Chemist: 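This is the structure I have questions about; it appears just below.
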Amino acid sequence: MKFKKVVAFATVMAMAMSMAACSTGSSTSTSSSSEAAVEENTTTEESTEETTEAEATEEVAEETTQVSGKVSMSGSTSMEKYVSALIETYAEINPNITVTAEYVGSGAGVEQVIAGSVDIGNSSRNLKDAEVESGAVENIVAIDGIAVVVDPANTVEDLSQEDLIVIYTGEITNWSELGGSDTPIVVIGREAGSGTRGAFEELLGIEDACAYASGLDSTGAVIATVAATEGAIGYASLDSLNDTVAALKLDGVEATEENIVAGEYFLCRPFVMATNGEISEQSEAVQAWFDFVYSDEGKAVAVEVGLITVD
């Protein structure tokens, strides 16, 4: 009897010790798993911090390696709205490059770039053979339409190409001859050397044959004068139009971007940023500027001001 009690007691003690051992093993395993999890989280956090720091360093390095310098431009007054918008946008993209522009007419701008006075000569017409022979390179950056405008009271809404020719050469001098009121035609144009004037006369084939009442030195002056002068007619860059003047249809076609792209509106011309030599031969700052002008961001600026982009 005593022997059985001893055996029973021994059995109970063995079971208790076994359970204690299991409990200790389980506790040790749980502790090890927790420590592993903490170590894993710490490693992940450290890895994330290292990645963030690497990205930040890369961004700073990219900003630091942006090209710096200056770009000077001079030329077409018709390109002022476009160029000013480009400069404003580019200043946000790369503040390390300072871009300046003067608006003195296409001919003067091309002359200055050939002479080395500026980096870029802005021209609202194709370059002349003599300019190209002198080293100027024609870099077309956008396409613009030339609108024919009259004062808002004019009842004539549509002119043919031939009508424009006889008006600007002085063969017709009264709007009544074109179905309008008995009002003298006041022929307004741009000054000699203007890219808009050069393109307009070349497209109509009337170079040096125009009978201008006034030759004005800017697109804004043409629009203001036509708006304020009864019987006046003038021409201006499509992107400069406003509601102070009325834009005429030409051969039944409105002056719109869509019609220019479709090839239905005949008065259109290129916007050129001429360089003395190829773009690849220019300074890093000038090359960076052209990279922007031809980029998606640059093309968006052209579209915003009413121009047609080029590839």
Side-chain angles (χ1 to χ4, degrees), residues 76-78 80-81 105-106 124-125 143-269 305-308:
S76 172
T77 62
S78 297
E80 180 173 0
K81 181 178 179 181
S106 297
S124 52
R125 58 165 172 78
I143 304 296
D144 179 43
I146 299 176
V148 176
V149 295
V150 295
D151 70 283
N154 199 318
T155 58
V156 174
E157 298 180 349
D158 193 350
L159 293 176
S160 67
Q161 184 169 339
E162 183 59 31
D163 290 337
L164 278 181
I165 292 173
V166 295
I167 287 173
Y168 272 87
T169 56
E171 297 177 48
I172 287 181
T173 59
N174 195 292
W175 285 106
S176 62
E177 299 177 72
L178 296 167
S181 62
D182 183 12
T183 306
I185 298 174
V186 181
V187 180
I188 305 297
R190 289 293 305 280
E191 81 286 5
S194 159
T196 308
R197 173 172 171 167
F200 178 82
E201 293 182 358
E202 183 178 342
L203 289 166
L204 292 176
I206 54 175
E207 298 96 320
D208 303 318
C210 292
Y212 291 109
S214 297
L216 305 176
D217 63 1
S218 72
T219 298
V222 169
I223 290 179
T225 301
V226 170
T229 307
E230 183 182 12
I233 183 172
Y235 47 78
S237 179
L238 184 64
D239 71 309
S240 65
L241 292 183
N242 57 45
D243 57 8
T244 66
V245 293
L248 299 180
K249 294 179 182 178
L250 299 181
D251 288 332
V253 179
E254 293 183 358
T256 65
E257 178 183 336
E258 292 75 18
N259 290 333
I260 292 172
V261 171
E264 297 175 358
Y265 186 81
F266 67 85
L267 277 185
C268 58
R269 43 71 184 277
V305 298
L307 299 174
I308 300 167

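Quick caveat: nothing in here was measured; it's all calculated off a predicted structure.
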Chemist: Which atom pair, heavy atoms only, marks the closest approach of S124 to A199?
Modeler: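 Taking every non-hydrogen atom into account, O-CB, 4.1 Å.
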Chemist: Got a sec, which residues hit side-chain hydrogen bond (donor to acceptor under 3.5 Å, both in side chains) with T229, two or more places apart in sequence or on another chain?
Modeler: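 side-chain hydrogen bond (donor to acceptor under 3.5 Å, both in side chains) list for T229, sorted by chain: empty.
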Chemist: Show which side-chain atoms of residues 162-170 pair as donor or acceptor with protein atoms under 3.5 Å away, not counting sequence neighbours.
Modeler:
| unit_1 | atom_1 | unit_2 | atom_2 | d |
| --- | --- | --- | --- | --- |
| D163 | OD1 | S160 | OG | 3.4 |
| D163 | OD2 | S160 | N | 2.9 |
| D163 | OD2 | S160 | OG | 3.1 |
| Y168 | OH | I188 | O | 3.2 |
| T169 | OG1 | I165 | O | 2.7 |
| T169 | OG1 | E171 | OE2 | 3.1 |

Chemist: Is the shortest side-chain heavy-atom distance between Y265 and L250 below 4.5 Å?
Modeler: yes
Chemist: Strictly by modelled atom types, are S240 and T219 linked by a side-chain donor-acceptor pair under 3.5 Å?
Modeler: no
Chemist: Taking the side chain as every heavy atom from C-beta outward, state whether I233 and V226 have any atom pair closer than 4.5 Å.
Modeler: no
Chemist: If you look at every heavy atom in A247 and L241, which pair is closest and at what distance?
Modeler: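 What the structure gives for the nearest pair is CB-CD1, 4.0 Å.
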Chemist: Between I223 and N242, does a side-chain contact (heavy atoms from CB on, under 4.5 Å) hold up when you go through it step by step?
Modeler: CA-CA 8 Å; I223 290 179; N242 57 45; 3.8 Å; yes
Chemist: Taking atom NZ of K249 as the centre, report whether more than 12 heavy atoms of other residues, nucleotides or ligands fall under 6.0 Å from it.
Modeler: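 For K249, atom NZ is not crowded (no more than 12 foreign heavy atoms under 6.0 Å).
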Chemist: Scan the side chains in residues 146-159 for donor-acceptor partners under 3.5 Å anywhere in the protein, sequence neighbours excluded, and list what turns up.
Modeler:
| unit_1 | atom_1 | unit_2 | atom_2 | d |
| --- | --- | --- | --- | --- |
| D151 | OD1 | G231 | N | 3.1 |
| D151 | OD2 | A153 | N | 3.2 |
| N154 | OD1 | V156 | N | 2.9 |
| D158 | OD1 | D251 | N | 3.4 |
| D158 | OD1 | G252 | N | 3.1 |
| D158 | OD2 | G252 | N | 3.1 |

Chemist: Over all heavy atoms of both residues, which pair between V187 and A211 is shortest? Give the atoms and the distance, please.
Modeler: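 Heavy-atom minimum between the residues: CB-O, 3.6 Å.
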Chemist: Applying side-chain contact (heavy atoms from CB on, under 4.5 Å), name anything that partners T256, two or more places apart in sequence or on another chain.
Modeler: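 E254, E258, N259.
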Chemist: Y212: what forms a side-chain hydrogen bond (donor to acceptor under 3.5 Å, both in side chains) with it, not counting sequence neighbours?
Modeler: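 Partners of Y212 under the side-chain hydrogen bond (donor to acceptor under 3.5 Å, both in side chains) test: E201, Y235.
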Chemist: Taking only residues two or more places apart in sequence, or in another chain, which ones meet S237 in a side-chain hydrogen bond (donor to acceptor under 3.5 Å, both in side chains)?
Modeler: D144, D239
Chemist: To the nearest 0.5 Å, tell me how far D217 CG sits from S194 OG.
Modeler: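 Here the interatomic distance stands at 9.5 Å.
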Chemist: Hey, what do you get for CD (Q161) to CG (L203), rounding to the nearest 0.5 Å?
Modeler: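 Here the interatomic distance stands at 8.5 Å.
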Chemist: Find out whether L216 and E191 are in side-chain contact, i.e. whether some heavy atom of one side chain is under 4.5 Å from a heavy atom of the other.
Modeler: no
Chemist: Using a distance-only test with no angle check, is there a side-chain donor-acceptor pair under 3.5 angstrom linking R125 and T196?
Modeler: no
Chemist: For E80, which residues count as a side-chain contact (heavy atoms from CB on, under 4.5 Å) partner, sequence neighbours excluded?
Modeler: S84, Y103
Chemist: Output all residues satisfying side-chain hydrogen bond (donor to acceptor under 3.5 Å, both in side chains) with S176, sequence neighbours left out; order by chain, then residue number.
Modeler: N174
Chemist: Which residues satisfy the side-chain contact (heavy atoms from CB on, under 4.5 Å) test with E230, sequence neighbours excluded?
Modeler: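 By the side-chain contact (heavy atoms from CB on, under 4.5 Å) rule, E230 matches T183.
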Chemist: The criterion is side-chain contact (heavy atoms from CB on, under 4.5 Å); which residues satisfy it with A227, sequence neighbours excluded?
Modeler: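 A227 satisfies side-chain contact (heavy atoms from CB on, under 4.5 Å) with T244, V245 once adjacent residues are dropped.
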Chemist: Can you run down the ring-ring contact (aromatic ring centres under 6.0 Å, His included) pairs that involve residues 144-167, sequence neighbours left out, and say none if there aren't any?
Modeler: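 Sorted pair list comes back empty.
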Chemist: Kindly indicate, with the supporting measurements, whether the criterion side-chain hydrogen bond (donor to acceptor under 3.5 Å, both in side chains) is fulfilled by R190 and T77.
Modeler: CA-CA 10 Å; R190 289 293 305 280; T77 62; 2.8 Å; yes
